[in-house]
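Accompanying notes for the structure given below.
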Amino acid sequence: MTAAVAITDTATTALTPDAVTTAAPEPTASPAARAPRTPQPTLKARRTFLGTMRGEWIKLLSLRSTWWVLGSTAGIMTLLALGVASSLKALMADPLTAHAMSNANGAALVSSGFQLGMVTIAVLGALVITGEYSTGMIRSTFAAVPTRVPVLAAKAIAVVALTTGVAAAGIALSYLVTMGTLSKYGLVPALDRAETWRIFAGTAFCLIAAALFSFGVGTLLRSTAATVTVALTVLLLLPGILGFINVHWVQTFVRYLPMPASQAFLPSGDPNQGVGTPLSATVGVLVIAAYAIVPLVAAAVMVRRRDA
Amino acid sequence: MIEAQSLTKRYGSKTAVDDISFTIPPGSVTGFLGPNGAGKSTTMRMIMGLDRPTHGTVTVNGKPYARHRSPLSEVGALLDAKAIHPGRSARSHLRTMAATHGISTRRVDDVIDMTGLSSVATKRVGGFSLGMGQRLGIASAMLGDPRTLILDEPVNGLDPEGVLWVRHLVRELASEGRTVFLSSHLMSEMAQTADHLLVIGRGKILTAGPVQDVIDSVSGTSIRVRSPRAAELARLAARDGVTITSSEAGTLELRGTTAEAIGEAAAAHGIVLHELSQQRASLEDAYMSLTQDSVEYRSETTTTSQKEENR
């Protein structure tokens, strides 16, 4: 208390609030530092869900990572379809696969790249939310929309819209680049057949589910690395790894993993595909839908309770 | 107007904010002062509904923040200069915030001009300096033309021009009738900016009130005199309300009088002075003595809670 220092500090000369007000000089480099004059807000502002959706849309489109992920998803789908089409000659010549190939579905061949596409689009689903947690942006987001759940809904809608777009682009590109090769074997998917559109829609559905799965998991885990690891493991690695374990309950479990479950309603372009007895198409669709919905619901419950 | 009632936040066994109650009035600048880790940011996050209080409530303009229909027009917050995605441009960041409330792009450009960011508005935030990030944070806070501003360490990383600008800005916002609540760990900064102080240490409110009262309560002005005839001078100066102490021979510490009075008395009696100076505990000293107490207090509570755990 009595520790004393001579009054040399200039700060102590302007201690009274009044002195501060009059002494504060006009800022020189910021001539526009002038706020509106009224104490009551004059600015028209009202938080709406439509506004929250617009905000999320701008967020997604204003990041380079979004465009990279979308581009690579469409690119990978196209390249894989091209690869499968290029293998047709060898597959047709090989007596072991020739029979299976004669029954191959052109639409399935065209969309055969979706399995890897599911992983890249899962990265988008993760980044949409984990990118906010890792950068601290989430605090700005939740300050603007403190009820939080609308943010998740708006993000989910934006992710679904972008994924649908990229699925359509990927399938269209795959269709175009494989058309030449497929026509030699009469496998160009007929656009007037319902079956073709059912497969294309199923492909888009799987991509959307993968993106939402990863988004839900990302909201729960809040870490990009952890979320991408989980998505990669569940979507791509587990069926292959567990496929070697010939135990009944493991094989049953494997059938309910996303990739094998998708085979229940998407005839595979790959003739060697298929683990155990497949699920029925309806169950397959429901299982895939559950992968999208269950983490999302858990995320919506948790996001309100946890500190941002 | 911000009102907190027994606000408490615990993270596991650590109590970050310990049962604090306060009211931040509109039309003035209230400084939230405390050392790092005192609970300032946690309190501000609870006001903004980002952290859920373990106990107690806090309202802004009469309601919990999350209940407001237009949150950005109620409160503008600079919580953390890093609460911005580095991959987005400054303008895109503000547009995403504005979009949620249907705030026009014109307002976005206004706050960019206001904060002096026009030349870097389209640059990605990742390349911003600390000061530029801080300006962008203030721009986000101003976006909704809010009635209440919560600024966590707003001058952190700003150059002297920026510090002056913030000081001027918050004074002007308060003069318009808005509530301004800003935190700092620098008492000298607070003394120049705030009308009221709320001093926090280890999660507890240590003292609150007008800036000058808070400073006076912990530091008194005293006069230091050195003279070969100190004893004689002490007799001359002695009257009601004046306390005189002497720590060494020939040196006096006087309280309740002025340097002028001592100087005149000495001259009238031909007493030689070797030193006559006004002594003031510096703001930082005052602040240290405030927060030091809270450290001691804190260690007591730690031992009791440990006893409870052992039981």
Side-chain angles (χ1 to χ4, degrees), chain A residues 1-7 9 11-12 14-17 20-21 24-30 32-48 51-52 54-59 62-65 131-132 135-140 142-147 305-308, chain B residues 48-52 65-66 69-73 77 79-80 82-88 92 95-97 99-103 107 113-114 116 140 144-145 147 161 164-165 167-169 171-173 176-178 188 191-193 195 211-212 215 218 222 277-283 285 289:
Chain A
M1 283 277 217
T2 50
V5 172
I7 181 160
D9 185 357
T12 50
L15 281 178
T16 61
V20 176
T21 321
E26 283 288 329
T28 45
S30 307
R34 194 145 280 271
R37 276 272 149 209
T38 44
Q40 284 300 315
T42 49
L43 194 73
K44 213 175 105 238
R46 174 58 59 93
R47 194 188 69 72
T48 58
T52 307
R54 279 198 54 227
E56 291 304 327
W57 192 248
I58 298 171
K59 264 188 205 169
S62 60
L63 282 182
R64 285 186 202 168
S65 57
E132 294 215 8
T135 58
M137 177 68 197
I138 196 74
R139 290 191 286 279
S140 296
F142 286 162
V145 187
T147 44
R305 302 158 63 116
R306 291 166 77 185
D307 292 342
Chain B
M48 294 301 291
L50 293 172
D51 280 15
R52 175 187 282 242
Y65 179 68
R69 297 180 73 179
S70 179
L72 289 185
S73 349
L79 286 175
D80 186 339
K82 288 194 294 294
I84 294 167
H85 198 299
R88 220 168 258 132
S92 294
R95 280 186 60 220
T96 65
M97 301 276 291
T100 60
H101 281 56
I103 295 167
R107 175 68 184 169
D113 287 344
M114 193 189 292
S140 321
D145 191 23
R147 289 202 279 164
E161 187 274 326
L164 275 183
W165 168 70
R167 207 177 285 164
H168 179 81
L169 178 69
R171 296 251 35 111
E172 180 160 313
L173 291 168
E176 289 164 8
R178 298 175 209 258
S188 51
Q192 292 180 74
T193 312
D195 303 314
V211 172
Q212 194 59 54
I215 292 168
V218 285
S222 70
S277 60
Q278 190 168 40
Q279 308 278 306
R280 182 159 216 161
S282 77
L283 291 168
D285 282 341
S289 68

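Here the structure is a predicted model, which is why all the values come from computation and not from measurement. Chain letters run A, B, ... following the sequence lines, proteins first, then strands; residues in each count from 1.
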Looking only at heavy atoms, what is the nearest atom pair of [X] and [Y], with distance?
{"X": "Ala144(A)", "Y": "Leu72(B)", "result": "CA-CD2, 3.9 Å"}
{"X": "Thr135(A)", "Y": "Pro86(B)", "result": "CG2-CD, 3.2 Å"}
{"X": "Ala143(A)", "Y": "Pro71(B)", "result": "O-CB, 3.9 Å"}

Handout entry: Backbone N/O of Ile84(B) and side chain of Ser140(A): donor-acceptor pair under 3.5 Å
Key =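 Looks like no, no N/O pair under 3.5 Å.
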Practice task
Return yes if some donor-acceptor pair links the side-chain N/O of Arg88(B) with the main-chain N/O of Lys59(A) below 3.5 Å, else return no.
Solution key: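 A pair under 3.5 Å: yes.
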Practice task
Output the distance between atom NE2 (His85(B)) and atom CD1 (Ile138(A)), rounded to the nearest 0.5 Å.
Solution key: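 Answer for the NE2-CD1 pair, His85(B) versus Ile138(A), is 11.0 Å.
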Exercise for the section: First locate atom OG1 of Thr100(B), then atom CZ of Arg54(A), and finally report the distance between them rounded to the nearest 0.5 Å. Expected result: 10.0 Å
Exercise for the section: Pick whichever of Met97(B), Met48(B), Arg95(B), Arg52(B) has the most heavy-atom pairs under 4.5 Å with chain A. Expected result: Arg52(B)
Handout entry: Set of side-chain contact (heavy atoms from CB on, under 4.5 Å) partners for Ala45(A), sequence neighbours left out
Key =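 Ala45(A) satisfies side-chain contact (heavy atoms from CB on, under 4.5 Å) with Ser70(B), Ser73(B), His101(B), Ile103(B) only.
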Practice task
Check salt bridge (charged side-chain N to carboxylate O under 4.0 Å, His left out) between Arg139(A) and all other residues, then give those that pass, not counting sequence neighbours.
Solution key: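 By the salt bridge (charged side-chain N to carboxylate O under 4.0 Å, His left out) rule, Arg139(A) matches Asp80(B).
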Practice task
Could you check which of Gly131(A), Ser62(A), Gly55(A) has the highest count of heavy-atom pairs closer than 4.5 Å to chain B?
Solution key: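 Looking at each option in turn, the highest pair count goes to Ser62(A).
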Handout entry: Arg306(A), CZ: over 12 other non-hydrogen atoms inside 6.0 angstrom
Key = yes
